[in-house]
Amino acid sequence: MKNHIPIPITERTFEFAVRITKLCNLLDQQPGTPRLLANQLFRSGTSIGANLVESQSAQSTKDFISKQEISLKEARETRYWLRLLIETDMIESEKIAKLLDECEQLIKILAQSIVTSKKKLNN
């Protein structure tokens, strides 16, 4: 049995951004709507990690929570664009299923982190 060492959330969001960037690069090579959606997906998908890294330099707990909430909003937006790509048949669901799953996991982790931080703030 392998030891399971959790990957830090900042590393997971960076790896996610790399995968989003590669997907957007592929979409950007297509004319029309896929290119437009690639721009939206790129902005939200790379912003998750950027805001999370910013939260680590927060000036206060409220600032930390605020940056994490922005990361969560960006993750939810990214999920929206990924789902839209699938439902409009611009990309096969099998090709981005793992990416969508990782996005769902990031949403859960970020939401829990925010809840935990708010509890600490109120205690």
Side-chain angles (χ1 to χ4, degrees):
M1 186 171 156
K2 286 184 175 179
N3 286 340
H4 179 70
I5 300 170
I7 300 169
I9 187 71
T10 52
E11 188 59 30
R12 280 182 75 170
T13 56
F14 180 80
E15 290 173 10
F16 183 79
V18 169
R19 292 169 63 197
I20 287 290
T21 300
K22 289 178 180 180
L23 173 59
C24 290
N25 190 39
L26 291 174
L27 292 169
D28 199 41
Q29 294 172 15
Q30 300 175 33
T33 306
R35 179 176 274 177
L36 296 171
L37 293 179
N39 290 331
Q40 295 290 336
L41 178 61
F42 179 77
R43 286 186 188 107
S44 64
T46 57
S47 184
I48 301 165
N51 280 290
L52 193 63
V53 168
E54 251 188 79
S55 76
Q56 293 180 327
S57 298
Q59 296 174 338
S60 66
T61 304
K62 285 184 180 182
D63 187 33
F64 175 82
I65 292 168
S66 175
K67 298 285 192 267
Q68 293 231 329
E69 287 174 333
I70 293 168
S71 286
L72 178 58
K73 287 179 186 181
E74 296 294 343
R76 287 179 173 151
E77 181 180 344
T78 300
R79 176 179 58 192
Y80 175 85
W81 296 123
L82 291 170
R83 289 184 60 224
L84 186 61
L85 286 168
I86 292 168
E87 294 300 319
T88 56
D89 298 320
M90 287 187 211
I91 195 158
E92 295 174 26
S93 62
E94 298 80 32
K95 290 186 178 181
I96 61 170
K98 289 182 181 180
L99 194 59
L100 185 56
D101 180 61
E102 178 67 359
C103 189
E104 294 287 354
Q105 289 181 41
L106 291 173
I107 288 169
K108 290 176 184 175
I109 292 166
L110 290 166
Q112 186 58 50
S113 176
I114 291 165
V115 167
T116 301
S117 296
K118 285 182 176 180
K119 284 181 183 176
K120 287 180 183 178
L121 181 65
N122 293 327
N123 285 337

Decide if atom CZ of R83 counts as having more than 12 heavy atoms of other residues, nucleotides or ligands within a radius under 6.0 Å.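 Counting neighbours around CZ of R83, 12 or fewer heavy atoms of other residues, nucleotides or ligands fall under 6.0 Å, so no.
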Would one find more than 12 heavy atoms of other residues, nucleotides or ligands at under 6.0 Å from atom CD of Q29?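 Yes.
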Going hydrophobic residue to hydrophobic residue with side-chain gaps under 4.5 angstrom, can you get from [X] over to [Y]?
X	Y	answer
Y80	I86	yes
W81	L85	yes
I70	F14	no

Measuring from atom [atom1] of [X] to atom [atom2] of [Y], what distance do you get when rounded to the nearest 0.5 angstrom?
X	Y	atom1	atom2	result
I96	L82	CD1	CG	5.0 Å
F64	Q56	CZ	CD	7.5 Å
L72	L52	CG	CG	11.0 Å
L23	D28	CG	CG	11.0 Å
E104	L99	CD	CG	11.0 Å

Considering all heavy atoms of both residues, which atom of [X] and which atom of [Y] are nearest to each other, and what is their separation?
X	Y	answer
C24	A38	SG-O, 3.3 Å
N51	S47	ND2-OG, 2.8 Å
F16	G45	CD2-O, 3.9 Å
E102	R19	CB-NH1, 4.1 Å
A75	C103	O-SG, 3.3 Å
K118	E69	NZ-OE2, 3.0 Å

Sub-4.5 Å side-chain heavy-atom contact between Q40 and E77: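 A side-chain contact under 4.5 Å exists here.
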Applying the side chain to side chain contact (heavy atoms under 4.5 Å, CB included) criterion to R43, which one of L41, N39, T46 satisfies it?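 Of L41, N39, T46, side chain to side chain contact (heavy atoms under 4.5 Å, CB included) with R43 is met by N39 alone.
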Determine, step by step, whether L26 and I91 satisfy the side chain to side chain contact (heavy atoms under 4.5 Å, CB included) criterion, reporting the C-alpha distance in whole Å, the side-chain angles of both residues, the deciding distance to 0.1 Å, and the verdict. CA-CA 10 Å; L26 291 174; I91 195 158; over 6 Å; no
Would you say T13's side chain and I9's backbone share a donor-acceptor pair under 3.5 angstrom?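 Yes; at least one donor-acceptor contact below 3.5 Å.
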Do S55 side-chain atoms and K67 backbone N/O form a donor-acceptor pair below 3.5 Å?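 No; zero donor-acceptor contacts below 3.5 Å.
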Side-chain cluster (under 4.5 Å, hydrophobic types only) that V53 belongs to, other residues: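 Members other than V53 - counting any ILVMFWY side chain reachable under 4.5 Å - there are none.
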Applying side chain to side chain contact (heavy atoms under 4.5 Å, CB included), run through I20 and I48 and close with a yes or a no. CA-CA 11 Å; I20 287 290; I48 301 165; over 6 Å; no
Candidate pair L27 and L37, rule side chain to side chain contact (heavy atoms under 4.5 Å, CB included), full reasoning: CA-CA 8 Å; L27 292 169; L37 293 179; 5.6 Å; no
With sequence neighbours excluded, residues passing side-chain hydrogen bond (donor to acceptor under 3.5 Å, both in side chains) with K120: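 Applying side-chain hydrogen bond (donor to acceptor under 3.5 Å, both in side chains) to K120 gives none.
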Only distances under 3.5 Å count here; give the side-chain donor-acceptor pairs of residues 105-115 to other protein atoms, sequence neighbours excluded, each with its distance to 0.1 Å.
from	atom 1	to	atom 2	distance (Å)
Q105	OE1	R12	NH2	2.8
Q105	NE2	D101	OD2	2.7
Q112	NE2	T116	OG1	3.3
S113	OG	Q68	OE1	2.6

